[in-house]
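Everything numeric here is computed off the predicted structure, so don't read it as measured data.
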Amino acid sequence: MRASRLPPGSGNVLQTVREKRAEAEAAGIALLDLSIGEPKGPALLSARKAAAQAVMSDSQAMHAYQYNASPGVPDFAPRFVKAHTTRQLDSLEIDYVPIPGIKSLLGLVPLACGCAQQDVMVATTTRPGYPIPADWCDYHPRVTHQALPLNPGNQFRFSPAEIQPGTDLIMMNYPHNPSGQVATGSWLRELCQFCSDENIRLFNDAAYCVLSHTPDSSTLTEVAPDFPDLSWAEGFTAAKLIGNGTGWHVGAMVGSPDFISDIKEVKGKTDAGFVAPMAAGVVVAFEQDQTGIAGYRELYRSRLDLLISILTARGMQLALKPQAGFFTLWLTPSRAFGRRVDSAEHFNMMMIEETGVVGVHFPGYLRYAVCADIEAMRRQLDDAFGKAQVRYG
């Protein structure tokens, strides 16, 4: 008898929201979709022109498998990483690998720490947080997973004291999705020292670092090389930085040679590399069109401010003001539409059904994105949250 061989209820929150959104749309509900963490429209024109020119190239290297190198775009990874940091990296003991975005590589990070052969304990920033690292931990049977405690009280930055003894790998995501909080240099130095002392590998998904709105934001790459015994890696992607590059699947990892070597071994067996013409477009945008990238950063910052003003005026309580990216995170109301709210998921479903506003729920929180045109939605959003009549306490 044919049936699913996966356990019931194995979908993550993003799948749940997508299913509910489709159901509401099919029922004729006009949606105000703030759930999507994907920029609207195309990539920057500078990137598209360069990618189009690369596609037309007759060079074999431009159309071949790239694997762990980038013959179509020489030195892509160090060039791309350099555009994300102010630190001089040339003389440091580090290595690079080009990648087809970060998401597809997250499952390889525990494998690069030996979880196919031995038990591995992994800590993640997924409560609340981008769920994919936790999902990968669930798929790896020899991984024990700890979701590190994140909340407004610790500014969504965990303390080393909260890391369980015996942890082998930390997979973190700063700037943090969904809170928009950043990693500071002082916090990273404390964490790097702890991981160096405890022989813990440290990985950061830095997808939103270029979209930081504060000088306090630091990448792991700017700090980790100062700890010669630390095993570390950091991933960068063009997905959200060149306008909409989510379908381009272009990025790079940098880190200590031991960790990058292990990632390369696993990746080399399982992945054929990125699409070279798209990488050619990305590198032109980063090296020649920083004005365009800065324009998107400012667009998201202004939209964040507008959304926050609309929702707070209607009684919603912000967890913390975001310092990067295009997400806002809100505390779950206790009452809405004259009824008790049982959970963040309950509130999100009520908002979809009653007003068409679609967010993403995490335990205790709602995430609303600003990838859509918030100014164009302004009146409808104000009416929707006015109708909700949210209350706390």
Can you classify the ring geometry of [X] versus [Y] as parallel (below 30°), tilted (30 to 60°) or perpendicular (above 60°)?
X	Y	value
Tyr65	Tyr67	tilted
Tyr368	Phe385	perpendicular
Tyr208	Phe326	perpendicular
Phe286	Phe80	perpendicular

Assess whether a salt bridge exists between [X] and [Y], defined as any Lys/Arg side-chain N lying under 4.0 Å from an Asp/Glu carboxylate O.
X	Y	answer
Lys49	Asp289	no
Asp75	Arg79	no
Glu265	Lys269	yes

Under 3.5 Å, is there a donor-acceptor pair between the side chain of [X] and the main chain of [Y]?
X	Y	value
Gln290	Glu287	no
Asn244	Gly41	yes
Gln53	Ala50	no
His140	Asp138	no
Asn204	Glu234	no
Arg142	Cys115	no

Exercise for review: Taking the side chain as every heavy atom from C-beta outward, state whether Pro128 and Leu150 have any pair of such atoms under 4.5 Å apart.
Suggested key: yes
### Query
Can you find a heavy atom in the side chain of Trp187 that is under 4.5 Å from one in the side chain of Gln155?
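The answer is no, as the side chains (C-beta and beyond) never meet within the 4.5 Å cut-off.
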Residue list, side-chain contact (heavy atoms from CB on, under 4.5 Å) with Thr16, at least two apart or on another chain: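 Testing Thr16 for side-chain contact (heavy atoms from CB on, under 4.5 Å), a comparison that skips the adjacent residues, returns Glu345, Met349, His361.
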*asked:* Looking only at the side chains, is there a donor atom on one of Asp258 and Ser231 sitting less than 3.5 Å from an acceptor on the other?
replied: yes
* Check whether more than 12 heavy atoms from other residues, nucleotides or ligands sit under 6.0 Å from atom NZ of Lys82, and answer yes or no. => no
